[in-house]
Amino acid sequence: MSVSSTLANGAARPAATQRATAAFYRVEVSLKRDLPDPEGARALSLLHAAGLSAIKKVRSNKIYAVRGPLTLSHIHQAAKELLCDVVTEDYKILSPQAPASGSRRIRVEVWLKPEVSDPAEDSILLAFTCAGLPKPVSARQGAVCYIEGRVAQAALEKAIGRWLANPLIHRISAAPSA
Amino acid sequence: MKNAVLTTPKAAPSAAAPQRTVQEFLDLSARGLAELSRKSVWSLSEAELLAAQAYFKKESREPTWTEMETVAQYWSEHCRHKTFNSPIAYSDGSRTRRIKSLFAETVAKATKELKKPWCLSTFKDNAGIVSFGKSGKWALALKAETHNHPCALEPYGGAATGLGGVVRDVLAAGLGAKPVLATDVFCFGRPDDRKPLPEGAVPPLRGLLSAVAGVGDYGNRLGIPLAAGGLYFDDGYRLTPLVFAGCAGILPRWAVGKAAKPGDLIVAAGGRTGKDGIHGATFSSTELDGSARAAVQIGHPINEKKILDALLQARDRKLYRFITDCGAGGFACAVTELAAAAGGARVDLAKAPLKTADLEPWEIWLSESQERMVLAVPPANLRALEKIFADSFCEIAVLGEVVRNGRITVEHGGARVADLSLNFLENGLPRAERKAVWKAPKAAKAGKATLNPGAGRRCAEILSAALAHPNVCSRESVVRRYDYEVQAGTVIKPLQGVKHDGPGDACVIWPRAAVGEAEGFAGFALSHGLNPAYGKIDPYWMSLACVDEALRNLVCVGADISQAALLDNFCWGSPDNPVVLGTLVRAALGCYDAAKGFQTPFVSGKDSLYNEAKSAAGKSAPVPGTLLITAAAPVRDVRKSVTMDVKAPGNPLYLLGSTAADLAGSLCAEILGVEGAGLPRVDSKTALKGFRAVLAAMDKGLVLSAHDLSEGGLAVAAAEMAFSGEFGIRLELDALACKGVIYSPEVLLFSESPSRILLEVPADREAEFVRAAKGAPVLRCVGRTIANPILKVKGLDGLSVMEESIAALKARWQKTLSEALA
């Protein structure tokens, strides 16, 4: 399992025992690289159906946003034990650093809008408690797609809004990725 | 024209939110009222607004916002079925007939007249209830619902919560039934449709994928087998898809009745209340125009499963006296219905558990947050109920109590936000007469088939195209997404045959896990009938064909249709259009005649109207008038159930029913691009005799396989039976019993004459079969199963019409949908 971690504010990693009051973490969970990604294949097929035939590859990940009195070690434990299946998946704690420009990959994040209740939240909060971790204040689940191929960002966002997400309930953001 | 002034508190509601009134409501003109209704998404007509205004004038006060919202929800088309319950002047060209209530004079009338003693509860509860099993201890609750408007906006969430809603309906039937079967039927635009769509419309392929995923994700988490359903594609659904979800559940006979008493506590159980789904009921009572974005519901299947488990424990301990689910209209409809049944209620919305604190009282009252139930609980039972729900990690909250004062009183932390007479809500809805006009299109009139034999294409080509057609091809890629084995009672599964991939006619469920005893081997079968193509020509004959098809599917698995119960789901465009309403009336008249003809009552149903949307060109596009018939019947001994795949070579094949040149609305006519005449017309009396004769033979074990003839006629049915059983079939067209003289092999092979079933009979018991099925008016041996894996058809002249490899036919049949959805 490959693991990388930085603090949400980009600072050096604190001691695992350090207390956090209301820290905010984002955890991205991906299938191991050697495993096929059926959701990504489905997304690729739908984007081709939308007319974006220059897209070559789509990789689909899950992403979680968790806020609460959690230390970095807590969030690593939660990622390993709750949010990720370590046999088939890897995770990383995301840095909020600006994505690299000029990249051939576009990273798309899809989240339920803040006013839409996330049915996964209850389960995540309960799972943290059951695992002996501090109960987060809030948790959200989203999706991430990495898209390879020549495509204009505006056209991609429009296609995603029509074929992979729903702008009525989802917030969609696309940006070049490292 | 005066404008209503709304006083809106800026701060989030506190423990005692200020009452919000619709100021100057009493002084508004009819035009002003209409404008207010439009802005507020109330979907109330002028007459209804004036009736509400008159009520508040009598009360000498302006209505509160919550009160007007309550009226709008409670009087919505979705909740009150105004079209089916209002007078209609129906003109069919020759005369005008006054219908006082379409519901009472068609669907319900048939049930009333048939007086079946095994119908325990019809049309009054959340689901229809019929008796089940021999012991007299059990009952079966049945319900099918639509979730069309939510699915047009958000197909994943809409389909998921559609299933969740119908499961809760069954959970609230009587004092609660344990769900043992879920179903889904989808009508979408063709998945390969790439034509331009208006802004915000969901492409049909994406909509279908999302709806399938929604039902699968929600249903699979509930532990209920999803073992019956269907898919239908037509351009008429590309903007407004139809999503039907159904559920069947088992409950003890003692739990069929329910009645709340004064002093009972009104308890909300399950999920918390949020902003999701506000205005769902009124939104679904109007045409889709993109204005009602808040009406998207978010499902939480784990919460529903927790409620389900807790409620059934509480039911068995008799801890509550009444239950209903929070569906369209949320608490506003659920609590008001409870109050209407019990004589009154008083609730405090500040006691409702909320997802977020920024909800106004009217939003709490109207929210359609999912997975919530409302119970009437004797105070002495509250502690025990709390314990059961706490053990299931499930919240409950006491909202108020049942009182017998004829009013629904709603407070929020001490402030009264609504106080309405139940008599006004129940009986104050004005019933305006609507106009309906039916004019038969040319093709609906009887006539000879216009199909030019062959039309330049060989029978084999037509068959190949028919098997690959989206409305016939394999549904395996969808069916496999669903868990249809959970509860270990699915005796006849949706996919059948040697490789478990053939198209079954109906599922058979042995609900042993629910009854907790073997109860002999009693089970039940459930099937569907749907064919909007016939409805485009004549909805009356569509209704008969749908009932015929649903019952025939039950016969194919060996269910006892003498105790079959029907559910109706009408999905139509705007009833404000007299022509659209004319077709709806005609379909309802067909339902009455079908129910009477087949001696089969309707026990529950639902209508979904205003299924229209604006096309890219700005034109209003209604869906084709669509009737889904769901039929369920007991299977006395599930071990005798029959599947559709042929079992061995050398067995005679019998065809029940006669073949006519019925090609109007047929798949063959569509493939050949011809109009086709001769709409299939069901003779229910003859059909019923045939069905009974087949069942008599099945009961003696004299039928090895049975398959109904529907889209694509005899050729498609024979091909499906052959490739599912992996044996060949030889058909002889000169053996077919025909109505009139038919020379064309294409007509004989692809006619869609109703009430026909192809049966495989054991060769060594053929004479016995003929004796057992002697009551069948028309039953002919039309061919044999053969070891050679081909479908071979001999024409009237004795020459070969077709000889196709069943493997090649199967490959064609399997390709379409699996490729489209890949």
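Order of the sequence lines fixes the chain letters, A, B, ..., with proteins taken first and strands second; residue numbering starts at 1 for each chain. Predicted, not measured: the structure shown is a model, and the values here were computed from it. Just so you know, these numbers use all the heavy atoms, side chains as well, and skip hydrogens, waters and symmetry mates.
When heavy atoms are compared at a cutoff of 4.5 Å, B:Leu197 approaches chain A by way of both its backbone and its side chain.
At a heavy-atom cut-off of under 4.5 Å, chain B is reached by A:Gly161, A:Arg162, A:Trp163, A:Leu164 from residues 151-164 of chain A, listed in order of number. Applying a 4.5 Å heavy-atom cutoff, the residues of residues 117-130 of chain A that approach chain B are A:Ser117, A:Pro119, A:Asp122, A:Ser123.
The candidate from B:Pro301, B:Ala201, B:Pro155 with the greatest count of non-hydrogen atom pairs under 4.5 Å with chain A is B:Ala201. When each of B:Val202, B:Leu209, B:Asn303, B:Leu821 is checked for heavy-atom pairs under 4.5 Å with chain A, B:Leu209 comes out on top.
The environment of NZ in B:Lys387 is sparse: at most 12 heavy-atom neighbours from other residues, nucleotides or ligands sit within 6.0 Å.
Residue B:Arg206 comes nearest to A:Asn166 through the heavy atom pair NH2-N, 4.2 Å, listed as atom of the first residue, atom of the second, then distance.
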